[in-house]
There are 2 protein chains.
Amino acid sequence: MKPVTLKEIAEQLNISVTTVSKALKDYPDISKKTKAMVKELAQTLNYKPNAFAVNLRTKESKTIGLIIPEIVHHFFSSVIKGIVAQAEKKGYLVIILQSNESYDLEKKQIQLLMSQRVDGILISLANGTAEYNHITDVLAQDKPLVMFDKIAKIVKCSKVIIDDRKAAYTATQHLIDTGCKRIAHFRGALLPQNSIDRFLGYKKALLDNNMPYDPSLVYICECGDNSFEEGKMNARQLLKDHNNVDGIFINTDLVAIGAITEFNEQGVKIPEDISIVGFSNWFMSSVISPSLTTIDQPGFEMGKAAFKQLYREMQQVKKKEPIVYKEIVLETGLIKRQSTKEVLHKMKQI
Amino acid sequence: MKPVTLKEIAEQLNISVTTVSKALKDYPDISKKTKAMVKELAQTLNYKPNAFAVNLRTKESKTIGLIIPEIVHHFFSSVIKGIVAQAEKKGYLVIILQSNESYDLEKKQIQLLMSQRVDGILISLANGTAEYNHITDVLAQDKPLVMFDKIAKIVKCSKVIIDDRKAAYTATQHLIDTGCKRIAHFRGALLPQNSIDRFLGYKKALLDNNMPYDPSLVYICECGDNSFEEGKMNARQLLKDHNNVDGIFINTDLVAIGAITEFNEQGVKIPEDISIVGFSNWFMSSVISPSLTTIDQPGFEMGKAAFKQLYREMQQVKKKEPIVYKEIVLETGLIKRQSTKEVLHKMKQI
DNA sequence: GTTCATTTCGAAATCGTTTTCGTTAACTAA
DNA sequence: TTAGTTAACGAAAACGATTTCGAAATGAAC
């Protein structure tokens with residue numbers, strides 16, 4: 001009933017616990033006969049080392065912590081999948097915590113993971129997080145920690161991100177290339193780095209193309225929950241405020257889908273009247289009508305890369321080497337669909 | 001740098017480790033003065049008990065394992081969220097493993113969780129699982145385990161499910177109530193219990209309404225991955241095979257959305273020509289055009305209920321009581337949207 | 001002053017492994 | 001024979017916390 005221990009194996013074989021332990025781990029000072037004997041009995045008794053005891057001695061838990069703002073989210077669940085898959089390959093278990101975009105919760109969860117003695121932490125910051133002592137505390141203890149997606153540039157640690165600015169630039173450029181003259185931007189919440197960078201990319205694309213940047217065309221959402229409703233609201237507001245906008249670059253696909261729905265309901269034609277580019281390439285973006293041109297954000301790959309970097313750092317700690325931080329930038333791509341027009345080749349050539 | 005231990009606190013205070021431990025846990029045989037002293041120092045030193053040491057003694061890990069077939073899935077990620085939220089309330093951590101619908105992997109992961117000495121296991125079975133020794137082994141060791149969603153009826157343990165049969169019956173009945181005369185069914189893979197039950201509900205609804213059951217109207221997919229493509233394929237095939245089908249009950253929303261897309265492309269009008277009911281109530285079902293009538297499958301609640309039952313069992317084990325298994329059936333609802341017609345009240349009254 | 005109860009603390013065992021450092025016995029070389 | 005190797009095993013000390021069982025000190029009761 002109760003799990004088998006080394007002691008029980010030792011007693012049955014009339015040898016010491018030490019010998020059993022060494023035999024199972026193929027120490028050179030144990031005879032082949034004894035090893036065979038021990039291994040066989042361990043096998044038949046279905047012996048599994050008690051992870052606690054091992055961890056207590058070795059100070060390795062073979063476990064990492066993962067904190068994300070929101071689990072029910074296509075992008076984040078892809079990231080989880082990437083992390084879990086990669087971790088399993090290396091024999092690591094993943095403990096998942098959800099911060100619900102709350103700084104307080106995030107802080108508590110970090111504490112929890114530390115007291116659990118996880119070997120490393122993977123985190124995507126909550127929108128509410130503007131102070132980073134809870135993070136730097138971890139780093140100060142030489143505990144590997146890597147941020148992904150929602151990061152804080154100011155904190156010195158490894159990061160896995162996409163180039164939001166560049167991607168946003170690409171998205172906006174595409175609107176320009178397809179003939180849009182007056183381009184709005186739904187930027188979501190004010191604070192998160194992604195939101196800022198995407199906004200900057202949008203702005204830069206405008207200026208590089210000698211188009212005026214008009215702040216009244218940038219829609220910020222105090223709530224900042226990147227919801228379907230947010231998209232509808234913003235779209236409704238935009239129609240009230242302006243009548244000559246012909247393109248929108250939207251922070252997130254879900255918001256974009258909200259906007260599309262609103263435009264559809266109000267009889268605004270996409271892309272004839274207004275072109276739209278989203279961000280993330282959620283599955284449903286290909287399914288909605290009209291399908292949504294968007295930026296592909298590789299969640300699975302990000303999860304993989306984040307774990308790989310964390311693993312590297314964990315190895316460094318093991319070897320008592322100094323941790324070397326890396327910033328990994330993943331490639332994104334523009335996925336052209338029906339919500340934007342064809343590129344005007346002639347225009348570009350002229 | 002290194003985490004603080006009881007011993008260090010004891011040394012600084014010139015008292016024994018025992019006293020420190022007791023003081024922190026409010027044992028009655030420690031004076032108030034000492035308690036205050038200890039607690040204060042522990043606070044300033046930011047002492048966190050070493051989870052391994054505690055677990056080794058108490059034989060409780062305050063950790064549960066969760067095995068799911070697929071993380072990137074709206075329903076399952078909702079379940080995860082429900083579990084994680086509830087577990088956190090009770091001070092439990094969740095280790096997530098993904099079986100990728102593979103029996104072999106699932107088996108290994110169970111072993112892994114057992115050697116990690118998790119206090120309990122939550123599992124949704126892989127499609128590939130047809131043998132249950134790995135599960136009954138766990139149960140035999142009096143380790144709490146509860147199945148959810150994809151369960152095996154044959155295994156004696158707690159289960160949290162919805163009444164697939166009843167829900168499918170409701171869905172089919174709704175098609176009938178809205179005037180459909182010839183109703184097809186896309187059932188997905190052959191094996192999973194859900195698939196079977198939904199099929200049976202569909203069939204029973206037909207027979208109860210004196211409508212003929214025609215096996216050629218039931219589309220099985222060998223691949224059984226419940227994909228968008230599967231929906232398109234089935235829809236295409238259906239149009240070839242039959243010209244008088246006016247309603248379809250589809251196993252999963254994603255497949256239904258595939259079908260809708262195909263019908264849209266081929267100019268088949270929904271719901272005028274064909275009415276469709278899906279299953280799951282994924283977010284995108286409300287967003288697609290026409291929006292999809294579907295069965296609401298409460299993922300978050302299922303996760304909550306599953307953890308609650310597991311918690312109950314873990315408490316029973318703690319108190320050395322026998323584990324009492326429960327089968328919890330969650331309510332589902334029919335969400336009426338545009339993919340089905342209005343109910344024909346007159347028809348029903350006659 | 002003796003006995004008994006109460007308060008407050010600590011020594012030590014324990015959980016299951018790992019690892020260091022001996023110890024024995026057998027064997028080799030001279 | 002003796003010294004020096006080598007092979008094979010075990011005792012014991014960790015790891016950090018919990019808990020049992022005493023022990024000392026104090027106070028109360030007579």
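The structure presented is a predicted model; accordingly, all values stated were derived computationally and were not measured.
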Going by distance alone, is a donor N or O of one side chain under 3.5 Å from an acceptor N or O of the other, for [X] and [Y]?
X        : Y        : result
B:Lys150 : B:Asn127 : yes
A:Glu88  : B:Gln98  : no
A:Glu313 : A:Ser158 : yes

Would you mind classifying the nucleic acid contact of [X] as base, sugar-phosphate or nothing, using non-hydrogen atoms under 4.0 angstrom?
X       : result
A:Tyr27 : sugar-phosphate
A:Ser31 : sugar-phosphate
A:Pro28 : nothing
A:Asn50 : sugar-phosphate
B:Thr5  : sugar-phosphate

Residue mapping more 5' on DNA chain D - nearest nucleotide basis, A:Lys22 or A:Ala53:
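The 5'-side residue here is A:Lys22.
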Checking only heavy atoms, does the side chain of A:Thr19 share a donor-acceptor pair with the base of D:dA8 at less than 3.5 Å?
no
Indicate, yes or no, whether a donor-acceptor pair under 3.5 Å links the base of D:dA11 to the side chain of A:Ser16.
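Answer is no: no donor-acceptor pair is held.
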Estimate the overall bend of the helix from C:dG1-D:dC30 to C:dA30-D:dT1 from the end axes over five pairs each, rounded to 10 degrees.
60°
B:Thr34 or A:Leu56: which one's nearest nucleotide on DNA chain C is closer to the 5' end?
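With B:Thr34 and A:Leu56 compared, the 5'-side residue is B:Thr34.
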Charged N-O contact under 4.0 Å between B:Lys153 and B:Glu327:
no
